[in-house]
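Every chain is numbered from 1 and lettered A, B, ... according to where its sequence line falls, protein lines coming before strand lines. Both backbone and side-chain heavy atoms feed into the values below; hydrogens, waters and symmetry mates do not.
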Amino acid sequence: MLHQFMMEKSYKYYKISRVDMAYWLLKTEPDEFSIDDLEKLASGVEPWDGIRNYQARNIMRDQIQVGDLAFIYHSSCKQVGVAGIAKVVKAAYPDPAQFNPESKYYDPKSTQDNPRWVCIGVKFEAKFSNLVSLKEIKANEQLLDMALVKQGRLSVQPVRQSEWKIINKLANKN
DNA sequence: GCCAACGTTGGC
DNA sequence: GCCAACGTTGGC
């Protein structure tokens, strides 16, 4: 099986079998950072920081690679759904926010020698003219196995190649 | 290592 | 703003 992932339920760990690239989904609250903010970035590269969940961290640390593509998903807002695509341009590195007492992502238990949290660097790739809503996704039988549907709260999650294609198709139709 | 209490996510 | 689902913490 290519570009697919298996889930070992007991470990709550998604293991990707990859050939050359893989697909992901990154959640963001558009009030804080949206696909438009990503598009407008002068520097191009956005540190995907502030992830404070071990499962999400492990996926970034162990599996996401430069060149992978990710859906940008807008959550906790009026229009919930997949808003566009980003490209991974930087592999996992320690999230600087964890060391900054001023940051809301500050973690006093994290040290420079033994950082607890990582982030990745992403770059704008595309914006969907109309987002693919969560409702549409849930209405599609072929998307019911998505982590997005099965495990609502994971902020960094894998996407199967088949799911990637279907959602792109839905985006083009909208 | 169990599990109750508590905190957070995120759809609605 | 409500609340279900689930993650985290900490006492024992």
Side-chain angles (χ1 to χ4, degrees), chain A residues 5-16 23-39 46-64 69-86 88 92 94-120 122 127-160 163-164 166-171 173-174:
Chain A
F5 61 87
M6 294 156 286
M7 186 175 173
E8 296 160 46
K9 190 74 188 173
S10 54
Y11 295 98
K12 289 223 166 181
Y13 194 83
Y14 296 94
K15 177 71 185 135
I16 291 280
Y23 303 98
W24 310 97
L25 181 147
L26 305 173
K27 288 187 187 173
T28 180
E29 299 188 13
D31 292 346
E32 297 206 351
F33 188 84
S34 70
I35 189 77
D36 295 315
D37 296 324
L38 186 62
E39 184 171 18
E46 169 71 6
W48 206 259
D49 59 2
I51 303 294
R52 295 294 180 269
N53 167 285
Y54 290 106
Q55 197 182 353
R57 178 202 67 182
N58 294 347
I59 289 172
M60 291 198 293
R61 186 191 60 193
D62 304 337
Q63 299 201 66
I64 298 186
L69 294 175
F71 285 135
I72 299 298
Y73 177 89
H74 285 177
S75 70
S76 298
C77 60
K78 279 200 169 164
Q79 288 223 17
V80 173
V82 178
I85 296 172
V88 178
D95 180 349
Q98 70 195 306
F99 307 123
N100 177 8
E102 306 291 304
S103 170
K104 67 169 174 174
Y105 299 122
Y106 177 61
D107 185 344
K109 289 180 190 160
S110 194
T111 63
Q112 295 278 354
D113 290 342
N114 192 15
R116 182 177 293 197
W117 307 109
V118 301
C119 58
I120 56 172
V122 302
K127 181 190 171 180
F128 293 160
S129 44
N130 289 293
L131 59 64
V132 178
S133 69
L134 179 61
K135 200 173 172 186
E136 277 178 89
I137 290 168
K138 283 181 171 171
N140 190 312
E141 254 181 41
Q142 292 169 283
L143 299 177
L144 291 183
D145 275 338
M146 285 188 78
L148 182 69
V149 178
K150 290 202 142 177
Q151 189 182 342
R153 304 183 54 200
L154 191 57
S155 58
V156 174
Q157 53 179 262
V159 174
R160 294 177 179 84
E163 296 160 349
W164 183 266
I166 291 167
I167 288 174
N168 272 284
K169 219 178 272 177
L170 290 172
K173 213 165 46 179
N174 280 351

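Considering only residues two or more places apart in sequence or on other chains, A:Gln79 meets the side chain to side chain contact (heavy atoms under 4.5 Å, CB included) condition with A:Leu131. Scored by the side chain to side chain contact (heavy atoms under 4.5 Å, CB included) test, A:Pro96 finds A:Tyr93, A:Cys119 as partners (sequence neighbours excluded). By the side chain to side chain contact (heavy atoms under 4.5 Å, CB included) test, A:Lys135 pairs with A:Ser133, sequence neighbours left out. The ring pair (Phe, Tyr, Trp, His ring centres under 6.0 Å) test applied to A:Tyr73 returns no partner, not counting sequence neighbours. When the side chain to side chain contact (heavy atoms under 4.5 Å, CB included) test is applied to A:Ala56, the partners found at least two apart in sequence or on another chain are A:Ile51, A:Asn53, A:Leu154, A:Ser155, A:Val156. A:Asp37 meets the side-chain hydrogen bond (donor to acceptor under 3.5 Å, both in side chains) test with A:Ser34; sequence neighbours excluded. Scanning for ring pair (Phe, Tyr, Trp, His ring centres under 6.0 Å) contacts around A:Tyr54 gives A:Trp117, with sequence neighbours left out.
Contact annotation: A:Lys27 side-chain N/O to B:dG10 OP1/OP2 distance is under 4.0 Å. A sub-4.0 Å separation between OP1 or OP2 of B:dC12 and a side-chain N or O of A:Lys138 is present.
Pairs engaging residues 108-117 of chain A under the salt bridge (charged side-chain N to carboxylate O under 4.0 Å, His left out) rule: A:Asp107-A:Arg116 [sequence neighbours left out]. Pairs engaging residues 26-36 of chain A under the salt bridge (charged side-chain N to carboxylate O under 4.0 Å, His left out) rule: A:Glu32-A:Lys104, A:Asp36-A:Lys127 [sequence neighbours left out].
Contacts of residues 69-83 of chain A with DNA chain B (heavy atom under 4.0 Å): A:Tyr73, A:Ser75, A:Ser76, A:Val80.
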Check nucleotides 4-8 of chain B against the protein and report each pair of N or O atoms closer than 3.5 Å, with its distance, or say if there are none.
| unit_1 | atom_1 | unit_2 | atom_2 | d |
| --- | --- | --- | --- | --- |
| B:dT8 | O2 | A:Arg153 | NH2 | 2.6 |

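If you measure from atom CD of A:Gln151 to atom P of B:dG10, you get 10 Å, rounded to the nearest angstrom. Atom CG in A:Leu26 sits about 12 Å away from atom P in B:dG10, given to the nearest Å. Going from atom CG of A:Asp31 over to atom C1' of B:dG11 covers 15 Å, rounded to whole Å.
With axes fitted over five pairs at each extremity, the angle between the ends of the helix from B:dG1-C:dC12 to B:dC12-C:dG1 is 10° (10° resolution).
Considering only the side chain of A:Ser155, B:dG10 comes nearest among B:dG10, C:dG10, B:dC12.
The two atoms that bring A:Lys150 and A:Asp145 nearest to each other are NZ-OD1, 3.2 Å, heavy atoms only.
At a threshold of 4.0 angstrom between heavy atoms, the contacts of A:Lys135 with the nucleic acid are absent.
Exactly one residue among A:Leu25, A:Val82, A:Thr28 makes a side-chain contact (heavy atoms from CB on, under 4.5 Å) with A:Ile72. That residue is A:Thr28.
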